[in-house]
Participant: 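Below is a structure I'd like to ask you about.
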Amino acid sequence: MREKLIIGMFGFGVVGQGLYDIIRTKKLNLEIKKFVIKNAGKKRSLPSELFSTDPEAILADTAINTVVELIDDADAAFSFVKRALSEGKNVVSANKKMIASHLEELAELQQLHGTSLLYEGAVCGSIPIIRNLEEYYDNELLHSVSGIFNGSSNYILSKVFNEGQSYDEALKEAQALGFAETDPTLDVGGYDPKYKLAIVASHAYGIYVDPEKILNLGIDKLGDQDIRFAKEKGFKIKLLPLAKEINSKQVVLYVLPKFVRPDNIIYNVENENNGVLVKAAFADEQFFYGKGAGGHPTGSAVLSDIAALRYGYRYEYKKHIDAGQVEYNTDYQLSVYFRYADDSVLGQIQFDSISERFYGEDFKYVIGKINLQEIIAKRHLIHQTGNFIAEIL
């Protein structure tokens with residue numbers, strides 16, 4: 001049955017405005033009753049009586065049966081979402097950090113109170129990857145899920161490799177266009193795709209993994225030498241999260257830059273676009289491509305979740321029920337390129353084997369095999385200024 005949704009929305013920023021723009025073009029059985037925002041003095045495009053700075057205007061209103069959460073503050077978002085679910089309100093959220101950090105508790109709250117939390121907009125913008133993992137791949141054995149989950153870093157890398165810009169020039173352009181924040185660490189440091197990876201892994205493999213336990217190294221230490229090396233070899237560099245089964249009982253998760261060859265479908269995903277590559281035992285290889293950021297693309301994913309609530313849709317977390325002894329593991333060998341500035345740093349990192357060395361006046365690197373556990377343990381050395389690591393196949 002189509003239930004009329006009475007909506008309270010936390011936040012009215014880029015995604016909130018984009019969502020509202022889309023809703024205005026549709027004839028849907030819903031009503032947005034109240035917006036709760038942080039800045040009461042900011043000029044809005046809607047009547048002032050629709051806005052409040054008091055969360056209770058939504059949470060305490062029994063007429064509101066659906067909460068849409070679109071704020072940046074993960075701690076505040078968790079507080080609002082937890083309260084809403086506990087009081088019988090369904091929730092749609094796009095807050096990837098909040099969801100990744102509290103997913104197990106949020107799933108339990110839904111089960112306890114019979115409510116629903118949907119969050120397609122939290123992962124890869126307009127790409128419907130969560131619903132597909134839940135429904136299309138519900139009985140499928142997945143070998144891996146990887147791809148480009150962050151549009152900001154991909155935009156920067158596209159400018160570097162397609163237009164010859166330096167990393168710093170490309171970053172400044174991304175910031176000027178609003179693709180990257182003044183402090184871009186969340187994106188270029190690989191934190192944003194790490195949160196998304198934790199959510200994807202939950203729906204792909206039925207495991208809850210604290211994102212703090214997942215390795216993320218980004219492109220913030222990328223240098224001109226690394227760009228030159230990649231171009232000489234015919235590669236592009238992409239920032240890629242990976243969830244991969246390494247045997248029937250274990251899954252590995254990490255976020256690293258990777259040298260990508262032209263025959264890889266990810267090679268041609270450019271600018272702010274995202275691409276998700278799913279490798280499955282029976283369905284084989286499938287690729288999802290679309291806008292990974294922006295008000296309207298993300299707003300469309302949020303609206304899809306809102307519309308699904310009209311029919312009582314819930315994530316069933318079926319793979320968690322069937323996961324059994326599947327667990328997260330970090331004992332996994334990678335082939336990497338490591339550019340370093342100080343010989344003493346290289347001496348402190350244990351490679352399983354080294355297949356190539358280069359030692360120049362201003363450019364030193366090795367290519368070799370190393371265990372993921374060693375990268376995690378020596379992250380503080382590997383990520384020092386003057387060093388850069390990327391996976392290479």
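Keep in mind the model is a prediction, meaning the values are calculated, not measured.
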Participant: State whether the number of non-hydrogen atoms from other residues, nucleotides or ligands found under 6.0 Å of Glu31 atom CD is greater than 12.
Facilitator: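 Yes.
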Participant: Between Leu106 and Met98, does a side chain to side chain contact (heavy atoms under 4.5 Å, CB included) hold up when you go through it step by step?
Facilitator: CA-CA 10 Å; Leu106 292 168; Met98 182 274 291; 3.8 Å; yes
Participant: How about Phe161 and Phe235: are their ring centres within less than 6.0 Å of each other?
Facilitator: no
Participant: Could you give me the CA-CA distance, side-chain angles and deciding distance for Ser335 and Lys369, then say whether side chain to side chain donor-acceptor pair (under 3.5 Å) is met?
Facilitator: CA-CA 4 Å; Ser335 295; Lys369 295 185 181 298; 3.0 Å; yes
Participant: Determine whether the aromatic ring centres of Tyr208 and His102 lie less than 6.0 Å apart.
Facilitator: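 Aromatic pair excluded; centres sit 6.0 Å or further apart.
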Participant: For Tyr289 and Asn268, run side chain to side chain donor-acceptor pair (under 3.5 Å): C-alpha distance rounded to whole Å, both residues' side-chain angles, the deciding distance at 0.1 Å, then the answer.
Facilitator: CA-CA 11 Å; Tyr289 172 87; Asn268 291 313; over 6 Å; no
Participant: Verify whether one side chain among Ser304 and Arg131 offers a donor that lies under 3.5 Å from an acceptor in the other.
Facilitator: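 Result is yes, a qualifying pair exists.
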Participant: Assess the residue pair Gln17 and Ser45 against the criterion (side chain to side chain donor-acceptor pair (under 3.5 Å)); give the C-alpha distance rounded to whole Å, side-chain angles, the decisive distance to 0.1 Å, and a yes or no.
Facilitator: CA-CA 9 Å; Gln17 181 68 64; Ser45 58; 3.2 Å; yes
Participant: Answer yes or no for Arg228 and Phe363: cation-pi contact, defined as NZ/CZ to six-membered ring centre under 6.0 Å and angle to ring axis within 45°.
Facilitator: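 Arg228 over Phe363 ring: yes.
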Participant: Does atom CG (Asp210) have a neighbourhood of more than 12 heavy atoms from anything else shown, all under 6.0 Å?
Facilitator: yes
Participant: Could you check whether Tyr315 and Tyr119 have their ring centres less than 6.0 Å apart?
Facilitator: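 Ring centroids of Tyr119 and Tyr315 are less than 6.0 Å from each other.
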Participant: I'd like to know whether the aromatic ring centres of Tyr337 and Tyr365 sit less than 6.0 Å apart in this structure.
Facilitator: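 Ring centres of Tyr365 and Tyr337 closer than 6.0 Å.
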Participant: Is the positively charged end of Arg44 above the ring of Phe51, judged by distance under 6.0 angstrom from the centroid and angle within 45° of the axis?
Facilitator: yes
Participant: Do we see a donor-acceptor contact under 3.5 Å between the side chains of Thr185 and Asp183?
Facilitator: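 Yes - a donor-acceptor pair under 3.5 Å links their side chains.
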Participant: Any salt bridge between Glu270 and Lys238, counting N to O under 4.0 Å?
Facilitator: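 Answer for the salt bridge query: yes.
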Participant: Using modelled atom types and a 3.5 Å cut-off, is there a donor and acceptor pairing between side-chain atoms of Arg314 and backbone atoms of Gln110?
Facilitator: yes
Participant: Give a yes or no on this: more than 12 heavy atoms of other residues, nucleotides or ligands lie within 6.0 Å of atom NZ of Lys244.
Facilitator: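 No, the 6.0 Å shell around NZ holds no more than 12 heavy atoms from other groups.
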Participant: Would Glu105 and Lys82 pass as an ion pair if we require N to O under 4.0 Å?
Facilitator: yes
Participant: Can you confirm whether or not the ring centre of His383 sits under 6.0 Å from the ring centre of Phe388?
Facilitator: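 Aromatic pair excluded; centres sit 6.0 Å or further apart.
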Participant: Count I, L, V, M, F, W, Y as connected when their side-chain heavy atoms are under 4.5 Å apart, and connections chain through other members. Are Tyr137 and Phe149 then in the same cluster?
Facilitator: yes
Participant: Regarding Lys319 and Asp138, does a basic nitrogen lie under 4.0 Å from an acidic carboxylate oxygen?
Facilitator: no
Participant: Between Asn247 and Gln250, does any side-chain donor sit less than 3.5 Å from a side-chain acceptor?
Facilitator: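 Yes - a donor-acceptor pair under 3.5 Å links their side chains.
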